[in-house]
Colleague: 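This is the structure I want to talk about, given as C-alpha cells.
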Amino acid sequence: MLDACGVESAEDLFAHLPEAVRLRRPLHLAPGISEYEIVDYFRERAGENADGYASFLGAGVYRHYRPVLVDAVVSRGEFLTSYTPYQAEISQGTLTTIFEFQTMICQLTGMDVANASMYDGSTAVPEAAMMAARITGRHRALAARSVHPEYREVLRTYALHQGMPVEEFGYVKDSGVIDLEELERKIDDQTAAVIVQSPNFFGVIDDVKAAAEIAHRHGALLVVVFTEAVSLGILEPPAGADIVAGELQSFAISPSYGGPYAGIIATREKFVRQMPGRLVGQTVDTHGNRAFCLTLSTREQHIRREKATSNICTNQALIALMATVFMTVYGKVGLRELALQNTAKAHYLAGKLKPAFTGKFFNEFVARVGNPEAVNKTLLKKKIIGGLPLGRFYPELADSMLVCATETTRRGEMDELSDALRAPAAEEVLA
Amino acid sequence: MIKKVRSHPSQNEALLFERSSPGKGAWQLPELDVPAVDASVALGAANVRAEIPGFPEVSEVEAIRHFTRLSTWNYAIDHGMYPLGSCTMKYNPRINELVARIEGLAWAHPYQPEALAQGAMEVMARLEAALAEITGMDAVTLQPSAGAQGELTGILLIRALLEKRGSPRRKILIPDSAHGTNPATAAIAGYVVENVKSTDTGVLDLEALARAADGDVAALMVTNPNTLGVFEENIVQAAEILHAKGAMLYMDGANMNALVGIARPGDFGVDVMHLNLHKTFSTPHGGGGPGAGPVAVKKALEPFLPTPRLKRVRGKWAWDFKRKRSIGRVRAFYGNFGVLVRALAYILAHGGPGLRNATVDAVLNAVYIRKQLEPYFDLPYPAPNMHEVVFSDERQAKLGVRTGDLAKRLIDYGFHPYTVSFPMIVHGALMIEPTETEGKLELDQFIDAMISIAKEVETDPELVKQAPHSTRTSRVDEVAAARKPVLRWKPA
Amino acid sequence: MYPENFRYTKEHEWVLVEGGIGTIGITDHAQQELGDIVYVDLPKPGTRVEQGRSLGSVESVKAVSDIYSPVSGEVAEINPILADAPEKLNEDPHGAAWLVKIKLSAPGELPDLMSAADYQSYIGAEK
C-alpha cells in the first residue's frame with residue numbers, strides 16, 4: 001500500500017503538515033489494555049457507585065424494568081452500526097422503525113405528527129419554544145415553575161441569544177397545580193409559548209386544559225412537557241396542547257447517570273413545517289411497493305444552513321428504537337397495566353408519608369419530611385436512597401423531598417422508608 | 001465483476017399496527033404487592049384516558065421477528081465498508097457495549113448522592129483529561145449531547161468571553177466548505193453568518209480572511225482537516241489574524257480522527273473546539289444517534305463552561321454548581337454518560353500509541369483510495385488529502401450520470417455509498433472516507449467496484465442511472481413523500 | 001416560450017402588470033433548474049414587499065430557493081392552488097401557477113426589469 005501511495009513510510013503521509021503544528025512527542029496516555037482489563041476497570045468504577053441500594057429517586061429519571069427484548073433488538077449490528085438513513089434503499093429497517101415510532105408517539109400524545117426524536121426532554125423544550133416563536137411571530141416564553149428545573153435552565157441558555165425573554169409563573173401552594181391567576185396576569189400579546197408540564201415536576205397532574213384556554217385566548221401556543229412517559233399509558237393525552245415536548249427515558253432507556261435519552265416533539269399537522277428534527281415519511285419505490293424515506297428535509301441545517309429550524313443534526317435513533325421496542329412489548333394493554341401498577345405503588349407509599357400537595361399525582365409526589373438531607377443520611381445506612389431534597393430548586397420546599405415509586409419498587413422497601421422516617425433520629429429532625 | 005454480494009431473499013413484513021390482534025402482548029408484570037387502586041379515584045376520573053387507539057398488540061415472538069426482519073433491510077458497518085465521508089463510520093467495538101451496560105454504571109441515577117456516584121464521576125474525569133491531552137486544550141466539558149450542540153456550546157462560550165471584554169460582536173465567519181450545522185449554530189447563538197471563500201487549492205484564503213476579520217467578527221468556525229480532507233496549512237497564520245483582532249478560532253472537530261497523535265488543535269491556535277465521540281472515538285452511530293459532543297477550550301474560556309463542573313474536594317469528586325460566569329446548562333444532568341463510557345473504553349483499549357496508529361491507518365487508507373481512483377474520477381482539489389478524499393462527477397456527468405447515480409450503483413456492489421454532493425464547493429462531490437477499520441482486501445474490493453462503475457458509465461449509463469438493482473427496495477419516490485407527507489400510520 | 005408582455009428578473013421571476021396589479025411567478029427556466037417542486041411558501045395577503053427582497057420560497061426535495069419580488073407593493077392575493085398542488089409550478093409556471101398578485105407601490109421600477117428577449121439571452125449566457 002505504501003508503494004501504491006508513493007511514500008516510503010506512513011510517516012511521509014504527514015510530510016505536508018507545517019512543522020509548527022506537529023506533535024513531536026507521544027501522547028501522554030497509557031498504552032492500550034486488553035478487553036479483560038477494560039471490563040475490570042469499569043466493574044471497579046461501577047463498584048464505586050451505589051450498588052444494591054433501593055431508590056426512591058425520580059425527578060425526570062425513572063427506574064422501570066427493561067424487557068430483555070429491548071437489548072436483543074438494539075444489539076443487532078444492523079441497527080447499532082448503521083447511520084442516518086439517507087440511502088433509503090438500504091435503510092428500510094431503520095426508516096420503518098422510525099415511522100412506527102412516530103406513529104406510536106402520535107397515538108400516545110394525541111398529536112397529529114411527531115418527529116424522529118430529539119436529544120432529550122430538556123433540549124426539546126427550547127426547541128418547542130423557538131418553534132412557537134416562529135409560528136406566532138412573537139418572542140416571549142412563559143414557563144411554569146413546576147416544569148423540571150433543569151429543563152428551565154436549558155431553556156434560559158437557549159433563549160438568551162434568541163432575543164426570547166423567559167418568564168415564569170408559579171404553582172398553587174396547596175394543590176401543586178399551576179397558578180392560573182398568575183398565568184393570566186403575566187401572559188400578553190407578545191407571548192409565543194406557555195410551557196407547562198404534566199405530571200409536573202412535583203408529580204402532580206396539572207391543569208393542562210385551563211392553561212390551553214388561557215394561552216389560546218391570548219393567541220399563544222401551549223407547550224406541554226412530560227418527563228414520565230409511562231404516565232401516558234393511563235392519563236389523558238394533553239388536550240389543547242399545540243406542541244408536546246417530552247422525554248422517553250421511562251421507555252426502556254437506562255438511567256445511565258443522565259443520558260443518553262431520547263426526547264420528542266409532537267404537534268398539530270398545520271405546524272409540521274416549523275417542527276425541528278428529522279422526519280420519516282411513507283412513499284413508494286419504482287416498483288410501487290411501500291417504502292419510507294427521510295422527508296421535509298428542507299427544514300434542516302444541511303440544506304437551509306443559517307435559516308434552518310434548528311441546528312440539530314442527529315436524532316437519537318438507537319434510543320428511540322429502545323422506546324419503540326418497549327412500546328411494542330407492552331402494547332395497548334400492557335402499558336395501561338404498567339401505569340396502573342405505578343399508580344398503586346406510589347399511592348401506597350403516599351398513604352404512609354405526608355404528601356405536601358393535594359393535587360392528584362401519578363407515580364411521584366412531594367413529601368414533607370422536615371430535614372430531607374438528615375432523613376436521607378439515615379436511609380443510606382439501610383441501603384436506601386431516599387427522595388430528592390427540593391431545597392436546591394425550590395427554597396420554599398426545603399423541608400420536602402420528591403419521592404417516586406414504580407413497578408420496580410417493593411412494598412418492603414416502602415415500609416422501610418416509612419419506618420425510617422418514624423425512627424427516633426428522623427423524629428428529631430421532623431420536630 | 002461483482003465479487004462481494006449475491007442477491008438474497010428478504011422477507012416481507014407488515015407494520016406493527018397492521019399485524020396486531022386484540023389481546024396479544026409480550027409483557028409480563030409481577031403480582032402487585034400493594035393494594036390495587038381504582039384509577040379514576042387515584043388519578044381523577046377526568047384524567048384517565050380510554051384505550052390508546054391503534055397501539056400495537058403483538059406476541060413476543062412476533063415482536064422479535066418483526067424487528068429482526070426489519071433489521072435485515074439495513075446496511076451496516078458490520079456488513080462491510082461504509083465510506084460515508086465526514087461521518088467516520090469506523091468499527092464499533094462490542095466491548096464498549098458491554099461495559100456501558102454494567103449495572104452500577106447503566107443504572108446510576110443522576111441525582112444519586114455524590115458519595116455513591118464516585119465511579120461515574122471518575123470515568124468522566126478520566127475522559128476529560130484524555131480529551132484535553134489529545135486536543136492540547138486546557139479544559140473539557142462533556143455535557144453537550146452531540147456535535148451540533150457542542151458547536152452551540154462553543155459559540156456561546158466565545159460570546160460570553162467577548163461580552164465580558166466589552167462586546168459580544170456581531171459576526172461569525174464560516175468558510176464555504178463548512179458543514180451545514182456551522183451556520184445554523186451561529187444563527188441560533190445570535191450571530192450573523194459571513195461566508196469566506198476558499199482558495200482554489202481548497203484551503204482558507206488568508207487575504208480574504210484578513211479583509212473579513214474586522215472588529216465586528218467574534219470568531220472563525222473552521223473544520224480542520226477541512227471537508228475536502230485537506231489540512232488547513234495556514235491555520236497558524238489564520239489564528240494570528242483573528243487573535244490580533246480580538247476574535248477567536250473555533251474548530252469543528254468532526255475530522256479530528258485525522259489528527260489524533262499527529263497534531264493538536266491547542267498547539268496551532270484553536271481557542272475552542274468540539275469533538276464527535278461517535279466519529280473519532282468509535283461510539284456507535286445507531287442509525288442516527290445518540291452521539292456526544294464534548295467541547296475543549298483554552299484557559300480563558302474555562303470560567304464560562306456549562307454548569308455543573310467536576311471538582312475535587314477532599315480527595316473525592318463533587319459537582320460544582322456555583323459558577324457565576326457559566327453560560328448555564330445546555331441540557332439536563334451531565335451529558336450522554338453512556339456514550340462517554342464507550343469512548344473511554346475505546347481510548348483505554350488503544351492507549352496513546354494505538355490512537356496514533358489509528359490515525360495513520362485512516363490516512364493511509366484514504367490516500368490509497370485516492371491513488372487508485374485518480375485515473376477514473378476527477379479530483380478538483382489536488383492538495384494532499386488526509387483521512388478522506390473528495391472526487392467530482394465531472395467526467396461521468398458528461399455522459400449524464402451524476403454522483404447520486406454512482407452512489408446508488410455502489411449499493412449493488414455490496415457497499416454503502418460515499419457521501420453524495422457534499423461539500424458544496426465541489427460540484428457533484430463524491431466524498432470518500434474509509435477510516436482505519438478497513439483492511440486492504442475490503443479496500444481493493446471497493447476500488448474495483450468504483451472502477452467497474454466508472455466503466456459502466458461509459459458502456460451502459462442506464463444501468464447505473466437505474467441502480468440499485470439488487471436491493472429489496474428500489475429507488476424511492478422522495479418527491480411524492482414531500483408533496484403529500486404521510487408521517488404516521490393510520491387505519492385504512 | 002417567454003411571454004412578451006412579462007418583465008423578468010435575474011433571479012428568474014416574472015411579473016405581468018395589469019391596472020396597477022402585478023402578477024408574479026417563477027420562470028420556466030427556474031422550475032427546470034429546481035426540479036420537482038414539493039412546496040411553496042408564500043406571504044400572507046397584506047404583507048408589504050420590496051423589489052429585490054425575498055417574498056417567499058419554493059422547495060424541491062433537497063433545495064430551497066428564495067423568491068425575490070420583482071416589484072414593490074402590497075400582497076393582494078396568493079394563488080390558492082399551490083398549497084395542495086405544488087407540482088403545478090412544474091407544469092404551468094407562466095400561467096395557472098402564478099404565485100402572488102401585488103398592488104404596486106412604485107410602478108417606476110418596471111424598466112429595471114428585463115424584456116423577454118433580454119431574459120432569453122440572459123439565460124442563454126448563464127448556461
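These figures come from a predicted structure and were not determined experimentally. Quick note on labels: first sequence line is chain A, next is B, and so on, each numbered from 1. Computed from heavy atoms alone, side chains included, the values below leave out hydrogens, waters and symmetry copies.
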Colleague: Could you have a look at A:Cys106, A:Ala320, A:Ala344 and say which one has the most heavy-atom pairs with chain B under 4.5 angstrom?
Modeller: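 Maximum pair count with chain B is reached by A:Ala344.
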Colleague: How far does CZ of A:Arg43 sit from CG of B:Leu98, to the nearest 0.5 angstrom?
Modeller: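 With rounding to 0.5 Å, CZ (A:Arg43) is 7.0 Å from CG (B:Leu98).
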Colleague: Against chain A, label B:Ala292 side chain, backbone, both or neither, depending on which of its atoms sit under 4.5 Å from a heavy atom there.
Modeller: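 Contact with chain A involves no heavy atom of B:Ala292 at all.
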Colleague: Over 60° means perpendicular and under 30° means parallel, so classify the ring planes of B:Trp27 and A:Tyr330, tilted if in between.
Modeller: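 The arrangement is parallel - the two ring planes meet at less than 30°.
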Colleague: Answer with side chain, backbone, both or neither: which region of A:Pro18 has an atom nearer than 4.5 Å to a non-hydrogen atom of chain B?
Modeller: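 The answer is the side chain of A:Pro18.
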Colleague: Specify which of A:Ala114, A:Ala59, A:Pro26 makes the most heavy-atom pairs with chain B at under 4.5 Å.
Modeller: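 So the answer, after comparing A:Ala114, A:Ala59, A:Pro26, is A:Ala59.
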Colleague: Can B:Glu103 and A:Arg63 be counted as an ion pair, charged N to O under 4.0 angstrom?
Modeller: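 A:Arg63 and B:Glu103: not salt-bridged.
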Colleague: Is it the case that the side chain of B:Glu60 and the backbone of A:Leu69 share a donor-acceptor pair, with hydrogens and angles ignored and the cut-off at 3.5 Å?
Modeller: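 The answer is no, because no donor-acceptor pair under 3.5 Å joins these two groups.
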Colleague: Can you say whether B:Ile134 sits under 4.5 Å from chain A via the side chain, the backbone, both, or neither, judging by heavy atoms?
Modeller: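 Backbone plus side chain of B:Ile134, per the 4.5 Å heavy-atom cut-off to chain A.
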Colleague: Under the 3.5 angstrom rule, does the side chain of B:Arg49 hit a backbone N or O of A:Pro237 as a donor-acceptor pair?
Modeller: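 Here the side-chain-to-backbone pair does not exist.
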Colleague: Taking ring pair (Phe, Tyr, Trp, His ring centres under 6.0 Å) as the test, write out the residues that go with B:Phe17, two or more places apart.
Modeller: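 For B:Phe17 the ring pair (Phe, Tyr, Trp, His ring centres under 6.0 Å) partners, ignoring immediate neighbours, are B:Trp489.
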Colleague: Please flag which part of A:Arg411 lies under 4.5 Å from any non-hydrogen atom of chain B: side chain, backbone, both or neither.
Modeller: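 Contact with chain B: backbone and side chain both.
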Colleague: Answer with side chain, backbone, both or neither: which region of A:Cys5 has an atom nearer than 4.5 Å to a non-hydrogen atom of chain B?
Modeller: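 Both parts, backbone and side chain.
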Colleague: Can you give me the closest heavy-atom contact between A:Ser82 and B:Met89, atom names plus distance?
Modeller: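 Scanning both residues completely, I find the closest heavy atoms to be C-CE, 4.0 Å.
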Colleague: Quick one: what part of A:Asn376 sits under 4.5 Å from any heavy atom of chain B, side chain, backbone, both or neither?
Modeller: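 For A:Asn376, neither part sits under 4.5 Å from chain B.
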Colleague: Using non-hydrogen atoms and a 4.5 Å limit, figure out which bit of B:Val341 sits close to chain A: side chain, backbone, both or neither.
Modeller: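 When you check distances to chain A, atoms from both the backbone and side chain of B:Val341 fall under 4.5 Å.
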Colleague: Between A:Leu235 and chain B, which part of the residue has a heavy atom less than 4.5 Å away: side chain, backbone, both or neither?
Modeller: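 Both parts, backbone and side chain.
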Colleague: Check each atom of B:Glu57 against the heavy atoms of chain A and say whether the ones under 4.5 Å are side chain, backbone, both or neither.
Modeller: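 Only the side chain of B:Glu57 comes within 4.5 Å of chain A.
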Colleague: Do you know which two heavy atoms are closest between A:Gln107 and B:Ile52, and how far apart they sit?
Modeller: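 Where A:Gln107 meets B:Ile52 most closely, the heavy atoms are O-CG2, 3.6 Å.
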Colleague: Which residues satisfy the ring pair (Phe, Tyr, Trp, His ring centres under 6.0 Å) test with A:Tyr151, sequence neighbours excluded?
Modeller: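 Partners of A:Tyr151 by the ring pair (Phe, Tyr, Trp, His ring centres under 6.0 Å) criterion, ordered by chain and then number, come out as A:His148.
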Colleague: Sort A:Thr286 into side chain, backbone, both or neither according to what part of it lies under 4.5 angstrom from a heavy atom of chain B.
Modeller: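 Backbone plus side chain of A:Thr286, per the 4.5 Å heavy-atom cut-off to chain B.
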Colleague: Would you kindly say whether A:Thr283 and B:Asp477 are connected by a side-chain donor-acceptor distance under 3.5 Å?
Modeller: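 No, B:Asp477 and A:Thr283 have no side-chain donor paired with an acceptor closer than 3.5 Å.
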Colleague: A:Phe361 versus chain B, heavy atoms under 4.5 Å apart: side chain, backbone, both or neither?
Modeller: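 Answer is backbone: N, CA, C or O of A:Phe361 sit under 4.5 Å from chain B.
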Colleague: Between the side chain of A:Asn49 and the main-chain N/O of B:Ala108, is any donor-acceptor distance below 3.5 Å?
Modeller: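 No, A:Asn49 side chain to B:Ala108 backbone: no donor-acceptor pair under 3.5 Å.
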Colleague: I'd like to know if B:Lys408 and A:Glu89 make a salt bridge, using a cut-off of under 4.0 Å between side-chain N and carboxylate O.
Modeller: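 Looking at A:Glu89 together with B:Lys408, the answer is yes, because their closest N to O distance falls below 4.0 Å.
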Colleague: Tell me whether B:Tyr82 contacts the main-chain N or O of A:Tyr83 through its side chain, where contact means a donor paired with an acceptor under 3.5 Å.
Modeller: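 Yes, because the side chain of B:Tyr82 sits within donor-acceptor range (under 3.5 Å) of the backbone of A:Tyr83.
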Colleague: Which bit of A:Leu338 comes within less than 4.5 Å of chain B, counting heavy atoms only: side chain, backbone, both or neither?
Modeller: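 It is both, since atoms from each part get that close.
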Colleague: Counting only heavy atoms closer than 4.5 Å, note whether A:Leu380 contacts chain B via side chain, backbone, both or neither.
Modeller: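 Contact with chain B: side chain only.
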Colleague: Which region of B:Ala383, side chain (C-beta onward) or backbone (N, CA, C, O), has a non-hydrogen atom less than 4.5 Å from a non-hydrogen atom of chain A, or is it both or neither?
Modeller: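 When you check distances to chain A, no heavy atom of B:Ala383 falls under 4.5 Å.
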Colleague: Looking at A:Lys345 and B:Asp33, what are the two nearest heavy atoms and their distance?
Modeller: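 Residues A:Lys345 and B:Asp33, closest heavy atoms: NZ-OD1, 2.8 Å.
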Colleague: So for A:Ala4, is it side chain, backbone, both, or neither that comes closer than 4.5 Å to the heavy atoms of chain B?
Modeller: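 Both parts, backbone and side chain.
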Colleague: For A:His28, is it the side chain, the backbone, both, or neither that has a heavy atom closer than 4.5 Å to a heavy atom of chain B?
Modeller: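 Both parts, heavy atoms under 4.5 Å.
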Colleague: For the interface with chain B, which of A:Val21, A:Leu29, A:Asp285 has the highest count of heavy-atom pairs at distances below 4.5 Å?
Modeller: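 With the most close heavy-atom pairs to chain B, the winner is A:Asp285.
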Colleague: Work out which heavy atom in B:Ala189 is nearest to a heavy atom in A:His161; give both atom names and the distance.
Modeller: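 Heavy atoms of B:Ala189 and A:His161 come nearest at O-CB, 3.5 Å.
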Colleague: Check B:Val476 against A:Ala291 and note the closest heavy-atom contact, atom names and distance.
Modeller: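 Closest approach of B:Val476 to A:Ala291: CG1-CB, 3.7 Å.
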Colleague: Quick one: are A:Thr295 and B:Val486 in side-chain contact, heavy atoms under 4.5 Å?
Modeller: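 A side-chain contact is absent here, since even the closest heavy-atom pair is not under 4.5 Å.
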Colleague: Out of A:Glu37, A:Met327, A:Met130, A:Glu407, which one racks up the most heavy-atom pairs below 4.5 Å with chain B?
Modeller: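 Heavy-atom pair counts peak at A:Met327.
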Colleague: As an exercise, state the distance from OG of A:Ser254 to CZ of B:Phe337, rounded to the nearest 0.5 Å.
Modeller: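 Here the interatomic distance stands at 10.5 Å.
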Colleague: Would you mind checking which part of A:Leu57 comes under 4.5 Å of any heavy atom in chain B, side chain (CB onward), backbone (N, CA, C, O), both or neither?
Modeller: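 It is both, since atoms from each part get that close.
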Colleague: Kindly give the heavy-atom pair with the smallest separation between B:Val260 and A:Leu27, and that separation in Å.
Modeller: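 For B:Val260 versus A:Leu27, the nearest heavy atoms are CG1-CD1, 4.1 Å.
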Colleague: Do the numbers put A:Arg392 on top of the ring of B:Phe321, so that NZ or CZ is under 6.0 Å from the six-membered ring centre and no more than 45° off the axis?
Modeller: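 Yes, A:Arg392 and B:Phe321 form such a contact.
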Colleague: Answer yes or no: is there an ion pair linking A:Arg45 with B:Glu122, defined by an N-O contact shorter than 4.0 Å?
Modeller: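 Salt bridge between A:Arg45 and B:Glu122, a charged N being under 4.0 Å from a carboxylate O: no.
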Colleague: With a 4.5 angstrom heavy-atom cut-off, which part of A:Ile234 approaches chain B: side chain, backbone, both or neither?
Modeller: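 For A:Ile234, heavy atoms of backbone and side chain both lie under 4.5 Å from chain B.
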